[in-house]
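Working notes, beginning with the structure itself.
When a ligand or atom number is given, it counts from 1 through the structure's own listing order.
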Amino acid sequence: NRIGATLPRNASRSPDLFATALVGAVPQQVWALALCRGDANASYCLTCLDQAFQDLPNACPYSRDSTIYYDSCVLHYSNIRSRPGDDTTYNPTLPLRNNVNATAEPARFQRVVAALLNATVSYAVTNSTRLYASGQADFDRELPKVYAWAQCTPDLTPARCRDCLAVNIKTWAPVFTDSIGARILGMRCSYRYETTPFFDGPVMVRLAGTSANSAAPASAPAVVPNVLTPAAAAGEGRKYSVPGMVLIVLLPTAAAINLVVCFLLWRRRRPLAEANQPYPGYSAKAEDIESVDSMLIDISTLRAATGDFAETNKLGEGGFGAVYKGTLPDGEEIAVKRLSKSSAQGVEELKNELALVAKLKHKNLVRLVGVCLEQQERLLVYEFLPNRSLDKILFDTEKREQLDWGKRYKIIHGIARGLQYLHEDSQLKVVHRDLKASNILLDTNMNPKISDFGLARLFGRDQTQAVTSRVVGTYGYMAPEYVMRGNYSVKSDAFSFGVMVLEIVTGRKNNDCYNSQQSEDLLTTVRAVAQYLNMYV
Ligand SMILES: *[C@@H]1O[C@H](CO)[C@@H](O)[C@H](O)[C@H]1NC(C)=O
Ligand SMILES: *[C@@H]1O[C@H](CO)[C@@H](O)[C@H](O)[C@H]1NC(C)=O
Ligand SMILES: *[C@@H]1O[C@H](CO)[C@@H](O)[C@H](O)[C@H]1NC(C)=O
């Protein structure tokens, strides 16, 4: 808190938009580093870092070593002080791909990206005391431009900055060969490239698209200051980001840096085109759509049932929107999920989707009893389950007493059956994508029912976990290949299921963030125990 009171101001007032701070003495020491992207202005920098100081302690409450990345700033704090002369491998790094595939010519695209990154890094280390550069290269008619950004903390020497970026490019370029954009975010050095403009201010490096077929990096770049038009900037906002969305991920970095970083992106990447494709091999038939029509409930009925979505009837804020308790005129208790407005889908598309979701019926799935698509509202009406969600019991020191081994076994078994139905036995083969304890509801007999299945598709690939920037947690359940490559499959659901089984058995929550030096994280602890057993049993 002491650092948080001063560091954002110090960083935003410094010409480099960079500051570090140290308070206390070993072992009660906190060291922090704050850096804004080179194109940020002072006020935006301050806003971003203030936000970071609010979010990071909430996102990683048990971590002594945490880093949070936004589009425009990075904040790191730790009980260990990292000096710029130290081994630059201490650069907790977060690779993030833009999952849209490149072009018809990925190899040529990657050559242009490589040339552009080389030129941008060179500019940052030779021509900028702030170790910051932005660049742009021509590509083809379909994707006219590639934009790049590279930056180091300005306390590094240019040589160390170059090393730091070069190591990251070498590590990650072979991984991201087929994506149209990527960001490799590090505490000490970061870079990013996209085919839409994502930075403000002048373009420092420009590569003309002459001999794009030559394998060698292009010759010395021309430096042509150019200000991106506001229209282009606005376009980026529309196409690539949903402001206010928060994404929290933990992931192992390159094996060399045995460390896990917690981060947030201020802006969530937009859902992918891929997500809008129908279930493979299946589409809603006319009679299914009719069955959705028969499930339609008036908005006035739902307003009356929930006391006009009264705050007192709010059951919680889930991944896709707030949930309200309600009572229908016939006395049936319901839970009404009010989807946040971020679903880009129109009513017809949504109906088609819901027709498919409505067909999913299993005793371990929460039953959808109705929908309402009136007046801009997107409301899903589910059966009400009085015991609420598993996390509310499992992680409550008193309530968890109710869960003896028999009940825990029954819960695990029920979840597995529901999941098997989604993955294998239903006509649709649904990957849940957001399986976690708070999405497991319990009926009066403690039978588990999976909720929120099928909804990931309404919102695209990324989990819209955060309705507010306070909600965290989902990403502790995410399989590494999903975090790093965006590959999601039934296997990733199985990973999340495994995390949940560990939580149910141990009664401990898998932390969202952790670092390997502490044994506070559940997965780390379990891995260590498993290794121990392997050795001695
Ligand atoms: C600072 O940058 C932000 C974001 O780019 C912009 O909205 C704002 O208008 C800028 N403020 C000034 C004073 O230039
Ligand atoms: C991108 O390309 C990879 C391999 O070429 C393929 O497996 C994947 O489905 C593609 N993704 C999209 C969104 O087209
Ligand atoms: C640095 O700037 C000069 C002059 O603006 C330019 O000629 C040179 O190419 C730049 N160097 C790099 C590596 O971009």
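- Distances from atom 11 (N) of ligand 1 to the protein include at least one heavy-atom value under 4.0 Å.
- When T47, D39, N41, D200 are checked for heavy-atom proximity to atom 3 (C) of ligand 1, N41 turns out nearest.
- Environment of CG in D308: crowded, with over 12 heavy atoms of neighbouring residues, nucleotides or ligands closer than 6.0 Å.
- In this structure, V205 falls outside the shell of residues with a heavy atom less than 4.0 angstrom from ligand 3.
- By the 4.5 Å heavy-atom criterion applied to side chains, W31 and S82 are counted as neighbours.
- Close approach to S122 involves these atoms of ligand 3, each under 4.0 Å from a residue heavy atom: 13 (C).
- Under the 3.5 Å distance criterion, with hydrogens and angles disregarded, no donor-acceptor pair is assigned to the side chains of S72 and R37.
- G186 and S190 get closest at one heavy-atom pair: N-OG, 2.9 Å.
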